[in-house]
4 protein chains.
Amino acid sequence: MPKLGMEPIRRAALVEATIHEIGAQGSLDITVKAIAERAGMSSALAHHYFGGKEQIFLAAMRYTLSVYGSEVSAALKKAKTPLERAEAIVTASFSSSNFLPDVIAAWLNFYVLAQTVPDAKRLLSIYQARLRSNLVHALRPMLGTRAPDVASRLAALIDGVYLRQSLVKSDRDHAIAAQQVLQYLHVELGDSSK
Amino acid sequence: MPKLGMEPIRRAALVEATIHEIGAQGSLDITVKAIAERAGMSSALAHHYFGGKEQIFLAAMRYTLSVYGSEVSAALKKAKTPLERAEAIVTASFSSSNFLPDVIAAWLNFYVLAQTVPDAKRLLSIYQARLRSNLVHALRPMLGTRAPDVASRLAALIDGVYLRQSLVKSDRDHAIAAQQVLQYLHVELGDSSK
Amino acid sequence: MPKLGMEPIRRAALVEATIHEIGAQGSLDITVKAIAERAGMSSALAHHYFGGKEQIFLAAMRYTLSVYGSEVSAALKKAKTPLERAEAIVTASFSSSNFLPDVIAAWLNFYVLAQTVPDAKRLLSIYQARLRSNLVHALRPMLGTRAPDVASRLAALIDGVYLRQSLVKSDRDHAIAAQQVLQYLHVELGDSSK
Amino acid sequence: MPKLGMEPIRRAALVEATIHEIGAQGSLDITVKAIAERAGMSSALAHHYFGGKEQIFLAAMRYTLSVYGSEVSAALKKAKTPLERAEAIVTASFSSSNFLPDVIAAWLNFYVLAQTVPDAKRLLSIYQARLRSNLVHALRPMLGTRAPDVASRLAALIDGVYLRQSLVKSDRDHAIAAQQVLQYLHVELGDSSK
DNA sequence: AATGAATGAGGATTCATTCAT
DNA sequence: GATGAATGAATCCTCATTCAT
């Protein structure tokens with residue numbers, strides 16, 4: 001059964017299984033065995049590839065953050081105007097691949113992980129800094145010195161919407177969630193017409 | 001040593017110790033023994049008074065929520081105008097007794113607890129409903145039909161600011177956090193002069 | 001509330017509660033608290049009166065054995081002939097006050113207790129010796145030197161019927177159980193006509 | 001140290017250790033740790049293989065019952081006449097491998113277990129039904145309609161002898177115990193000459 | 001006489017992790 | 001590459017027992 005070049009496949013399977021397991025359990029209080037089973041392998045193998053539970057968590061975090069980052073980057077590339085750039089960031093934050101129940105639950109728990117594990121904290125800080133930087137850059141042409149403040153609020157609002165969504169496990173349309181943040185954006189831009 | 005009427009004293013000590021232990025550890029992955037020790041008693045006594053770990057957590061949650069609720073109520077009583085009412089809710093949310101590192105960490109973890117424990121979910125839902133109801137009531141005279149939407153965003157923003165604060169753990173002045181949300185409120189109210 | 005002369009009342013209540021608790025649980029794996037509650041008092045008081053769990057068990061055993069002994073004695077007094085004496089012993093063994101589900105369960109567990117607790121073993125041995133002595137005395141006029149052997153078998157059969165009854169837990173008529181043993185007795189006596 | 005295919009070996013070792021531990025302690029009030037130590041492994045491994053204490057007990061019960069069943073079956077195969085069949089069942093019940101102190105103690109405690117654990121009750125009921133069926137089948141040619149009654153008494157007597165033996169932890173010859181029951185059998189068969 | 005208060009000790013169970021195969 | 005075997009450590013929880021009131 002053992003095949004060559006399995007490592008990336010196994011690692012990916014474990015990362016995905018971790019996110020789903022966190023989602024299913026709603027917390028980080030999950031066992032390596034459960035993750036490994038979900039990924040179709042023994043827990044010993046999971047340790048072999050990752051070294052320990054914490055590193056599995058960190059890999060899942062990196063993966064989630066990178067998926068999110070990629071979507072934002074892709075969306076930014078298509079945007080032409082400052083407004084489009086700002087809207088692109090918000091929209092990407094609520095894209096259908098990010099705003100899934102398991103992923104939302106994972107985000108919440110990554111915040112918890114960051115309280116304890118320095119590496120997790122670092123990852124989360126980097127994500128926040130990048131998001132903020134993107135937002136400031138997009139908003140500056142429109143808002144000038146107010147840009148940093150508004151960017152902070154936008155970022156916090158995005159996180160807050162995620163946090164609240166974790167409670168309502170309904171499949172609320174991600175478009176609605178995005179809309180809520182976009183409206184705030186427009187208010188700040190003085191465009192209260194929509 | 002045994003004295004009569006210790007129950008309320010012991011329970012209060014355990015609740016407080018729980019919040020601090022969650023804050024110190026940054027997660028719910030804490031032991032009953034650690035909580036009990038912090039509260040100056042044996043873990044057996046903690047079980048005697050609460051029946052189990054989950055109920056200790058729920059008691060800590062109820063306490064935190066009730067402290068918050070009381071502050072909001074008190075602040076609302078002093079407010080005269082609709083604007084003052086809305087501002088009072090925001091300010092109370094960031095009062096110095098709520099915006100403490102341990103309490104912030106506890107809030108984050110209560111969201112995690114709510115994913116698993118139905119009673120925790122119920123408590124959190126009640127808190128959210130009450131907060132939103134207060135906000136809508138305060139905003140309606142000023143914003144009319146836009147009140148519900150803005151209330152939702154305000155509530156999400158408050159949670160988001162808390163969530164982000166859980167990462168920083170610095171003693172950022174709670175006044176600044178409140179200011180950030182108040183500014184958003186003023187933007188919505190068309191008062192972009194500040 | 002405390003009254004004078006409560007000791008015998010409390011002790012009796014605890015003994016009875018113990019038998020019922022053993023019956024309800026089906027084992028000696030019961031808590032002093034449960035016994036005390038059933039007897040309407042605190043577990044501390046149970047300890048005060050008996051000194052410890054083991055002594056509570058022993059008291060329950062003594063009581064059960066003495067009730068049984070009294071019934072046998074009373075029945076023997078009424079018997080005139082050797083046959084009546086032998087039948088009286090058997091019948092008393094299955095009297096309605098002995099052949100109750102809880103009491104049957106208690107007997108079984110007293111045998112278990114006797115494996116561990118020397119005092120329990122002594123009590124049970126005394127009961128067995130007395131029963132056997134009564135039987136031999138009653139049978140000797142009829143069976144001569146075969147009396148000891150038959151007495152042993154009768155005694156073992158009585159215990160065996162109890163043991164099996166502990167499984168059924170139905171309210172099988174105690175008369176039927178007695179009948180089964182009496183039939184054996186008659187077979188030994190050469191009276192196979194019934 | 002880890003070798004493959006250890007499961008059946010470990011399970012067998014635990015089952016045997018359980019019986020000895022019950023025998024040594026005289027009750028089911030034994031720890032998984034003690035069983036595991038006696039079987040030469042950690043308690044964690046015992047849990048790994050059996051899932052829990054109750055299942056260890058049940059396995060020990062199944063084993064004891066199956067050993068007994070096998071001996072009866074083997075003895076029945078050698079028997080030619082009805083009388084030999086009946087005697088074979090009795091003799092097998094007191095064979096040297098069944099009538100060991102630890103096994104006797106285990107039987108007693110299985111009766112206790114059956115009060116609480118439905119699976120244990122089922123196992124014991126099956127054993128009793130099979131024993132009775134075997135006895136009736138063997139006795140019918142000799143006793144006709146009296147066979148069921150006599151079978152019941154024989155079965156109860158066997159259990160009763162076991163029960164009493166549990167008290168006397170001496171190494172009374174198992175042959176004597178068998179003899180006691182066989183004599184009863186012969187009395188019922190009208191052969192009171194021995 | 002009676003009990004709430006309090007704890008030490010112990011036990012079942014879980015789990016991350018290691019290792020030989 | 002993959003896993004069954006194995007365990008030490010930890011944790012929740014229970015309970016008999018003691019003590020001050």
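What's counted below: heavy atoms across the whole structure, side chains too, no hydrogens, waters or symmetry copies. Every chain is numbered from 1 and lettered A, B, ... according to where its sequence line falls, protein lines coming before strand lines.
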To the nearest Å, how far apart are C:D29 CG and F:dA16 P? 9 Å

Quick note, A:S43 side chain, CB onward, closest among F:dC13, E:dT17, F:dG1 is E:dT17

Between CE of B:M6 and P of F:dC19 the distance, given in whole Å, is 18 Å

I need the single residue from A:Y68, A:F110, A:Y111 that forms a ring pair (Phe, Tyr, Trp, His ring centres under 6.0 Å) with A:Y127. Which is it? A:Y68

Take atom NE2 of B:H48 and atom P of E:dG4, then tell me their distance rounded to the nearest Å. 8 Å

Would you mind reading off the distance between D:M41 atom CE and E:dT13 atom P, rounded to a whole angstrom? 16 Å

Base, sugar-phosphate alone, or nothing: which one does C:I9 contact when heavy atoms must sit under 4.0 Å apart? nothing

Kindly state each residue pair satisfying salt bridge (Lys or Arg N to Asp or Glu O under 4.0 Å) with at least one member in residues 18-27 of chain C, sequence neighbours excluded. C:E21-C:R38

If the test is side-chain contact (heavy atoms from CB on, under 4.5 Å), which one of A:V15, A:T18, A:D102, A:V103 qualifies with A:T64? A:V103

How many whole angstroms separate atom NZ of C:K33 from atom C1' of F:dT18? 17 Å

Determine, step by step, whether B:M6 and B:Y49 satisfy the side-chain contact (heavy atoms from CB on, under 4.5 Å) criterion, reporting the C-alpha distance in whole Å, the side-chain angles of both residues, the deciding distance to 0.1 Å, and the verdict. CA-CA 10 Å; B:M6 290 302 284; B:Y49 280 123; 4.1 Å; yes

Rounded to the Å, how far apart are B:H47 NE2 and F:dT14 P? 7 Å

Heavy atoms under 4.0 Å, any strand shown: does C:I56 hit a base, just sugar-phosphate, or nothing? nothing

C:I35 CD1 to F:dC15 P: how many Å, rounded? 12 Å

Please determine whether the number of non-hydrogen atoms from other residues, nucleotides or ligands lying under 6.0 Å from atom CD of C:E54 exceeds 12. no

Select one nucleotide: of F:dG1, E:dT7, F:dG8, the one nearest the side-chain heavy atoms of B:A44. E:dT7

Distance-only polar pair, side chains of A:S166 and B:Q115, donor-acceptor under 3.5 Å: yes

Under the rule of Watson-Crick or G-U wobble with both distances under 3.5 Å, where | means paired to another strand and [ ] a crossing pair, DNA chain E maps to .||||||||||||||||||||

